[in-house]
Amino acid sequence: MEGSWQFKLDEKNRGSQENWHLPEIQVEGWNSVKVPHTWQTNPAWTNYQGIAWYRKSFEAPKTWADQMVRLEFEAVYHSATVWLNGKLVGQHQRKGYTAFTVDLSPALVFDQPNILAVKVDNSFDPNMLPRGNSFDWTMDGGIYRQVNLRVTPQVFIERLEVDADPDLKTDEATLEVKMVARNSRGQPVSVGVECRVVEDISGKIVLRWQAPVSFPLPSGAIQVISLPPAILANPKLWHFDDPKLYRLEANLQARGEVIHSLAVTFGIRKIEVRQGGFYLNGERVWLMGVERMAGSHPDYGMAEPESWLIHDHDDMKELNCVLTRVHWQQDRRVLDYCDRRGILIQVEVPTWGPDTFKGMSSQPDSAILENGLQQLHEMIQRDRNHPSIFAWGLCNEINGQNPPAYQFAKRMYEEAGKLDPRRLRSYASNTLQSSPGKDVAGLMDFIEWNEYYESWYGGTTESVRKNLEAIHQAFPDKMVVISEYGYCECAPERTPGDRHRIRILRSHDAVYREFDFVGGAIFFCYNDYRT
């Protein structure tokens, strides 16, 4: 469903009143664009914030008549309303970096064109994350990531969740699989499940097992099926220097026949933070990297082609980047690259900046908290199988000693632990320069500190040293990751200074290496970015 779409700005917000979503409506002045697309890269529309519309025509063969037909949007920034043939089929509001799916089946027609219409809004919004205009990256509007048509049987596997825990002493791994199955038929069905694990490159089958009983799926149900654990002997562990991957292939059966199959890629690795250190597969590691800001290429914006994603991450890997973080949920292809090439990444809910909680009292506003929890759920639901993701990021630079920010981060930390109890959770603090023990960072699995001495904070390298000592005194059992450092030229008074940037990189690295509890450092940032 990518390629050519019709596009039109709705600067006067007339589209809804004039029924632009109806297939018979003829609207003048539509432009032909290629999706993925953001209008912000067009010089005439760079500063436009508001509503825009997309339309596309496609044919549906009659073989789809007894199938489930869904449309998956990898991301739309930030709110989308979707119609098919004039019928509302779905909405995804105030979540600009997470994927969503709409069911086209009830509105689909055959032997004639289907007209898809999508209304998009990228206006600043006080009830979403990032909140209002509090953030410093581009708000590129549009259907800026891939759009995928999913045609399946009416009873199908919606997703698979794989937890692979290696026992480093016995050289075995325990696999726990949850299958989310959906029945869109008008009658109940009983299903069986079988799985196999395949080495990703060789295709060698290394494990087979199946559920010993059948599972009832009522009509209209979406049900989580937990399979019995399976043991894989002699697993090949994922490591950033040797990123071994496996593929889980699951079959859904009814009356002895396979009715739907789904495969997902996963890795087996053990990530721990203990005794102030970072351990990967039992090995103590100290890691470095850079942060990349997506959407930086002026010709692509957030609608980045795969070739550009590979270009940047090849460059990062050449720089020996094995640790990175990002300010918002990422393109699936970025995570696939990190899985296959070996970069540990922290992906985050875009809770960015202290203004997120401006005007709030002791608790965060309910709308902001709910939006954060929804984004957290959608992020973990889609991305939890990626072995490259070592931690879920909850917030960035929120003033973690401010009561509503503290309570927000605490609630997000608790929820992430319920959704994915095996992964680390943290937030990037910029308020550990004074009274670090009061910061919500102390609740996290490890401390993340955005360290900007000789930059935003002033000071010297001695300031870095003393501050790290104070952080360690406040949290003596915690590992510290320098989640950002460097010299950011993102304000007019910050004149270009590569020599200054290089000096900070070298001198601050030297200080970090004095402290055994500093497990990683991420330089900000890899690229110039549109802001």
Side-chain angles (χ1 to χ4, degrees), residues 72 99 146 148 150-153 155-168 170-182 191-215 224-254 256-271 280-281 306 310 331-345 380-390 420 422-423:
E72 179 190 49
Q146 293 175 303
N148 305 301
R150 308 293 188 192
V151 181
T152 65
V155 180
F156 65 99
I157 305 169
E158 195 164 80
R159 69 177 187 276
L160 295 166
E161 298 179 356
V162 187
D163 288 314
D165 288 333
D167 187 323
L168 303 178
T170 63
D171 198 22
E172 294 179 334
T174 301
L175 304 186
E176 295 183 3
V177 175
K178 290 183 179 179
M179 171 188 290
V180 179
R182 182 171 176 179
V191 296
V193 179
E194 66 174 7
C195 295
R196 67 179 188 176
V197 174
V198 178
E199 290 183 353
D200 184 61
I201 295 179
S202 70
K204 178 184 176 182
I205 300 172
V206 295
L207 183 65
R208 293 178 186 267
W209 80 106
Q210 66 182 44
V213 297
S214 296
F215 300 91
V224 178
I225 299 173
S226 297
L227 303 184
I231 303 297
L232 176 63
N234 305 311
K236 296 179 180 179
L237 301 184
W238 188 96
H239 190 285
F240 52 80
D241 282 339
D242 190 14
K244 300 293 187 184
L245 294 173
Y246 291 92
R247 191 168 65 253
L248 174 73
E249 299 175 349
N251 292 326
L252 196 65
Q253 300 173 330
E257 295 183 357
V258 175
I259 57 174
H260 187 236
S261 300
L262 186 66
V264 295
T265 302
F266 70 99
I268 302 173
R269 83 284 185 273
K270 192 175 189 67
I271 291 176
L280 176 61
N281 301 330
E306 186 171 9
I310 292 173
D331 191 306
R332 194 198 311 259
R333 295 169 298 179
V334 170
L335 303 179
D336 288 342
Y337 182 100
C338 292
D339 288 345
R340 296 185 180 281
R341 294 298 306 277
I343 298 177
L344 287 162
I345 184 170
I380 293 177
Q381 179 176 294
R382 194 199 72 168
D383 296 337
R384 69 187 317 281
N385 293 331
H386 290 278
S388 58
I389 298 178
F390 74 95
D420 185 7
R422 290 174 171 84
R423 257 196 192 84

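Taking the side chain to side chain donor-acceptor pair (under 3.5 Å) definition, one finds that Thr174 meets it with nothing, sequence neighbours left out. By the side-chain contact (heavy atoms from CB on, under 4.5 Å) test, Glu158 is found to be paired with Arg70, Phe156, Val180, Arg182, Ile222, residues two or more places apart in sequence or in another chain being considered. Every side-chain contact (heavy atoms from CB on, under 4.5 Å) that Arg340 has, sequence neighbours left out, goes to Asp200, Leu245, Thr265. Under the rule for a side-chain contact (heavy atoms from CB on, under 4.5 Å), the partners of Arg422 that lie at least two apart in sequence or sit in another chain are Asp163, Asp165, Glu176, Asp420. Legend: residues meeting side-chain contact (heavy atoms from CB on, under 4.5 Å) with Ala250, ordered by chain and number and at least two apart, are Ile157, Leu160, Met179, Cys195.
Here the CG-OG1 distance, from Leu252 to Thr152, works out to 10.5 Å after rounding to the nearest 0.5 Å. Separating the CD1 atom in Ile343 from the CD1 atom in Ile389 is a distance of 13.0 Å, to the nearest 0.5 Å. How far CZ of Arg423 is from CG of Asp383: 8.5 Å, rounded to the nearest 0.5 Å. Distance CD/Gln253 to OG/Ser261: 9.0 Å, rounded to 0.5 Å. Put simply, CZ on Arg196 and CH2 on Trp209 are 12.0 Å apart, with the number rounded to the nearest 0.5 Å. Rounding to the nearest 0.5 angstrom, the gap separating the CG atom in Leu344 from the NE2 atom in His386 is 14.0 Å.
Between Glu72 and Arg382 there is no salt bridge, since none of the side-chain N atoms of the basic residue sits less than 4.0 Å from a carboxylate O of the acidic one.
In terms of heavy-atom proximity, Pro228 sits nearest to Gln210 at CG-O, 4.3 Å. Of all heavy-atom pairs spanning Gly267 and Ala164, the tightest one is O-CB, 4.0 Å.
Using a 4.5 Å heavy-atom threshold, the side chains of Val197 and Phe266 count as touching. You'll find the side chain of His260 stays beyond 4.5 Å of the side chain of Val155, heavy atoms only. Residues Gln146 and Arg332 have side chains not in contact (no heavy-atom distance under 4.5 Å, counting atoms from C-beta outward). Ile225 has its side chain within reach of Val191: a pair of non-hydrogen atoms, C-beta onward, lies under 4.5 Å apart.
Judged purely by atom type and a 3.5 angstrom limit, Asn281 uses its side chain to pair as donor or acceptor with the backbone of Lys270. When atom types are taken as modelled, the side chain of Asn385 and the backbone of Val162 share a donor-acceptor pair closer than 3.5 angstrom.
Within 6.0 Å of CD1 in Ile310 there are more than 12 heavy atoms belonging to other residues, nucleotides or ligands.
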Name each donor-acceptor pair under 3.5 Å that joins a side chain in residues 232-241 to protein atoms two or more places apart or in another chain, with its distance.
unit_1 : atom_1 : unit_2 : atom_2 : d
Lys236 : NZ     : Glu199 : OE2    : 3.3
Trp238 : NE1    : Asp339 : O      : 2.8
His239 : ND1    : Asp241 : N      : 2.9
His239 : NE2    : Glu283 : OE1    : 3.2

Show the numbers, then the answer: is there a side-chain contact (heavy atoms from CB on, under 4.5 Å) between Val206 and Tyr246? CA-CA 9 Å; Val206 295; Tyr246 291 92; 4.0 Å; yes
